[in-house]
Amino acid sequence: MRIGVLAVQGAFAEHINVLKKLGVEAFEIRNTGDLSAPFDGLILPGGESTVMKKLLHDLGLFEPLKEKIGSGLPVLGTCAGMILLAKNIDSGEDPCFGTMDITVKRNAYGRQLGSFVCTARFADKDITMRFIRAPYVTEVGSGVEILAEHDNKIVAVRQNEQLAIAFHPELTDDHTVYKLFFRMIENRAAK
Ligand code: GLN
């Protein structure tokens, strides 16, 4: 299994460290040349979604990655990565990939609660979630499965091969989110 991590800005190194720790081959996606060898999954990390969106366009990565996501490459978007996948942003700003049928609110917890850690149910297990100036999901389309809520807000969703998480799984020792993502990749490969 070979996973590419978008590495133009944000918390990409932390994702790569976890992947390596879990014995998965990981590589950085910095420019179009990095897309030449085949890979099985894509991670869009946390960071600043507006900056990542601009760099995706400037570096010529937007079109090829949108194409891959659209054709079913399994993708995990965390925090800013969730925003990159969302079809709608509640402030009305333009979406980035817009491949996932969700509406997100950016910096949704306000300044005071900008960063916090909590424990909440993810699928059928309690896990530690670390939020950093996170978005949450305000609306989901009919094909979207809700995987986690915290404080009555939707914080993890899945739509077919796309997984979007408002918190930072790369910053805790719980690997539940990654294991789900690996299963999605394996199931796709088996098809
Ligand atoms: N606040 C960031 C944004 O709106 C997301 C924060 C994060 O990824 N930790 O893009």
Side-chain angles (χ1 to χ4, degrees), residues 3-19 26 28-30 41-59 61-62 65-66 69 74-120 122 127-140 144 146-151 153-159 162-178 180-181:
I3 296 181
V5 181
L6 181 66
V8 296
Q9 193 265 336
F12 55 87
E14 291 81 352
H15 276 292
I16 288 178
N17 286 343
V18 177
L19 293 172
E28 295 181 354
I29 299 175
R30 292 180 176 271
L42 169 68
I43 294 183
L44 305 173
E48 196 51 48
S49 55
T50 47
V51 176
M52 277 197 259
K53 183 166 127 188
K54 180 175 187 308
L55 289 170
L56 280 165
H57 283 284
D58 291 354
L59 295 164
L61 287 167
F62 175 79
L65 288 181
K66 181 166 174 155
I69 297 168
V75 57
L76 165 63
T78 59
C79 203
M82 169 188 260
I83 299 165
L84 297 180
L85 291 172
K87 195 184 242 173
N88 300 297
I89 300 173
D90 89 326
S91 61
E93 68 189 92
D94 287 337
C96 183
F97 294 119
T99 46
M100 206 169 184
D101 196 5
I102 55 173
T103 301
V104 296
K105 184 173 164 68
R106 292 182 60 204
N107 301 320
Y109 294 93
R111 259 167 200 258
Q112 294 271 305
L113 258 181
S115 300
F116 60 95
V117 179
C118 68
T119 300
F122 180 88
I127 68 167
T128 303
M129 301 177 177
R130 179 181 288 269
F131 291 83
I132 303 172
R133 300 185 62 236
Y136 58 66
V137 177
T138 57
E139 275 174 62
V140 297
V144 178
I146 296 170
L147 299 177
E149 291 181 65
H150 165 63
D151 209 10
K153 308 284 193 288
I154 300 165
V155 295
V157 285
R158 176 178 176 180
Q159 181 176 13
Q162 302 182 72
L163 181 59
I165 309 288
F167 52 92
H168 283 262
E170 77 283 12
L171 299 181
T172 59
D173 290 331
D174 189 297
H175 300 132
T176 306
V177 169
Y178 290 95
L180 171 60
F181 186 48

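As the structure lists them, so they are numbered: ligands from 1, and atoms in each ligand from 1.
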Under a 3.5 Å distance rule, please check whether Lys153 uses its side chain to pair with a backbone N or O of Tyr109 as donor and acceptor.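 No.
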Expected output: side-chain Gln9 to main-chain Glu48 donor-acceptor under 3.5 Å: yes
Contact residues of ligand 1 (heavy atom under 4.0 Å), by chain and number: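 Residue list for ligand 1: Gly46, Gly47, Glu48, Ser49, Cys79, Ala80, Ile83, Arg106, Asn107, Ile132, Arg133, His168.
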Residues in side-chain contact (heavy atoms from CB on, under 4.5 Å) contact with [X], at least two apart in sequence or another chain:
X: Asn88; answer: Thr103
X: Ala148; answer: Phe122, Met129, Val155, Ala156
X: Glu14; answer: Ala11, Glu170, Leu171

Measure the spacing between CE of Met82 and CD1 of Ile154 and express it to the nearest 0.5 Å.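 Spacing of CE (Met82) from CD1 (Ile154) equals 9.0 Å.
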